[in-house]
Amino acid sequence: MKSISSAPLDSLVATTATAVDEFRELGHAHVPGVCSRDEVASYRPFISDAAQQRNPEPPPLETRDTYGKAFVQSTNLWRLDDAVKAFVWAPRFARLAADLLGVPGVRLYHDQALFKEVGGGPTPWHQDQVYWPLDTDRTITMWMPLVDVPDEVGSMTFASGSHRLGDIGAFDISDASDATVEDLVTARGLPLQTYGGMPAGDATFHAGWTLHRADANPTTTNREVFTVIWYADGARATEPRNLYQQWDLHMWLKGTAPGEIADGPRNPRLWPPPVT
Ligand code: SIN
Ligand code: NI
């Protein structure tokens, strides 16, 4: 049923010193209970409807490439629905992001639902930030399951400490990025970590350069995950270095030219919370 009984998400959850240390040292962290089951249950129908609106008819799985098989990606859902906007703009999430990054303020880059369908393939190894025309490495993604994720599907696997490597040149999410990262992880003996199956409302956070991947979905249930990405307030847009960055500049930083502070209308400062 669609009712926002527990909105708004403006109560805060504590950012523990452990999570801050974990994020700084490893480039990823797990924060249990970011949302309660009731909170997730009250927002999930709005997120699902908006995702369906963005992607009404995804092409059949077997016709897609490796990236396409990994999940159906539905972006900037906050712009479609006020309830989803309340979720994405939640001070609770933005405060965690700022605390983990160790910065006074963060702005929204964009959100995306990542639904790994029944029979969906693995998410290849990659680095998110190759897509982002931003002059800072103070970037962070929250990855939150909207349904319990069983062990057979699991959450992401991270290469710990890889956020310090910067751009390793693996480029876009593909079989090629998977192979390049796999080789690098093996050659350097980077420690791998996963937080395993995860209840709805828990979240992982990872930095923009952290190497990560995820397993396939062999179950009969859609792996519904929602993600929000923020960057440190004050960051500037950069000249796009590839076609993906050109797209991102246009889509997620609309109104900001390269060299300018990225504070356009699609990039509200969410921590400290905007004055309403
Ligand atoms: C996934 O949800 O499978 C991957 C998410 C990500 O790459 O950040
Ligand atoms: Ni990613």
Side-chain angles (χ1 to χ4, degrees), residues 23 26-31 47 51 55 58 61 64-77 88 93 97 100 108-132 134 137 139-160 162-163 165-168 170-178 180-182 185 192-198 200 202-219 221-231 244-245 247-248 252:
F23 186 82
L26 308 176
H28 55 84
H30 172 217
V31 183
I47 294 172
N55 270 307
L61 254 179
R64 302 184 215 155
D65 63 8
T66 303
Y67 184 11
K69 286 189 173 98
F71 39 66
V72 176
Q73 185 170 9
S74 310
T75 47
N76 255 4
L77 301 184
V88 172
F93 303 154
L100 293 176
L108 177 65
Y109 189 45
H110 63 89
D111 70 62
Q112 43 189 11
L114 300 177
F115 289 0
K116 199 183 276 287
E117 302 143 288
V118 173
T123 307
W125 277 114
H126 66 278
Q127 294 183 298
D128 297 335
Q129 196 149 339
V130 291
Y131 291 90
W132 303 344
L134 288 167
D137 59 2
T139 56
I140 187 166
T141 299
M142 179 182 79
W143 185 98
M144 179 185 283
L146 303 176
V147 292
D148 291 351
V149 176
D151 289 340
E152 311 96 273
V153 181
S155 49
M156 285 183 287
T157 295
F158 302 100
S160 297
S162 56
H163 59 310
L165 299 175
D167 186 353
I168 66 153
F171 212 56
D172 55 324
I173 303 175
S174 60
D175 293 329
S177 72
D178 200 58
T180 306
V181 175
E182 189 69 49
V185 163
L192 303 186
Q193 188 173 341
T194 179
Y195 300 100
M198 198 168 279
D202 275 22
T204 64
F205 290 81
H206 65 274
W209 289 117
T210 302
L211 298 165
H212 56 286
R213 68 172 300 283
D215 280 340
N217 182 3
T219 71
T221 314
N222 200 347
R223 187 214 67 178
E224 293 180 29
V225 162
F226 194 69
T227 63
V228 184
I229 305 162
W230 304 263
Y231 54 84
Y244 300 107
Q245 292 197 0
W247 166 261
D248 270 37
W252 318 135

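When a ligand or atom number is given, it counts from 1 through the structure's own listing order. The basis for the numbers below is simple: all heavy atoms, side chains too, and nothing from hydrogens, waters or symmetry mates. It should be emphasised that the depicted structure is a prediction, and the values quoted were computed from it without experimental measurement.
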Is the distance between the ring centroids of H28 and Y195 less than 6.0 Å?
yes

Could you report the tightest heavy-atom contact between T66 and P124, atom names first, then the distance?
CG2-CG, 3.8 Å

Of all N/O/S atoms in D128, which lies nearest to the Ni ion (ligand 2)?
OD1

Working to the nearest 0.5 Å, report the span between CZ of F23 and NE2 of H206.
8.5 Å

Minimal non-hydrogen separation, A214 against M156, with atom names
CB-CG, 4.1 Å

Which of the ligand 1 atoms, numbered from 1, are nearer than 4.0 Å to a heavy atom of H206
8 (O)

How far is atom 3 (O) of ligand 1 from the closest protein heavy atom, and which atom is that?
T123 OG1, 2.6 Å

Under 2.8 Å from the Ni ion (ligand 2) - does any N, O or S atom of H206 fall there?
no

Could you pull out the closest heavy-atom pair between E117 and F71, with the gap in Å?
OE1-C, 4.5 Å

Taking just the N, O or S atoms of H212, which one is nearest to the Ni ion (ligand 2)?
NE2

Nearest-option assignment for atom 8 (O) of ligand 1, heavy atoms, candidates Q112, R213, H212
H212

Per-atom filter on ligand 1: closer than 4.0 angstrom to a heavy atom of M156 are 4 (C), 5 (C), 6 (C), 8 (O)

Using side-chain heavy atoms (C-beta onward) and a distance below 4.5 Å, is T180 in contact with W125?
no

The atoms of ligand 1 lying under 4.0 Å from a heavy atom of L114, numbered in the order shown, are 2 (O), 5 (C)

Y67, W132, Y131 screened by ring pair (Phe, Tyr, Trp, His ring centres under 6.0 Å) with Y244, the one that passes
Y131

Scanning both residues in full, the closest heavy-atom pair of G166 with Q127 reads O-NE2, 2.8 Å

Atoms of ligand 1, numbered as shown, that sit under 4.0 Å from any heavy atom of W143:
1 (C), 2 (O), 5 (C)

Numbered atoms of ligand 1 (with element) below 4.0 Å of A214, judged on heavy atoms:
3 (O)

Determine the minimum heavy-atom distance between P145 and V225, stating which atoms define it.
CA-CG2, 4.0 Å

Which ligand 1 atoms does F71 reach within 4.0 Å, using its non-hydrogen atoms?
1 (C), 3 (O), 4 (C)

Counting only nitrogen or oxygen atoms and a 3.5 angstrom limit, does T141 reach ligand 1?
no

Would you kindly specify which portion of R223 sits under 4.0 Å from ligand 1, judged on non-hydrogen atoms: side chain, backbone, both or neither?
side chain

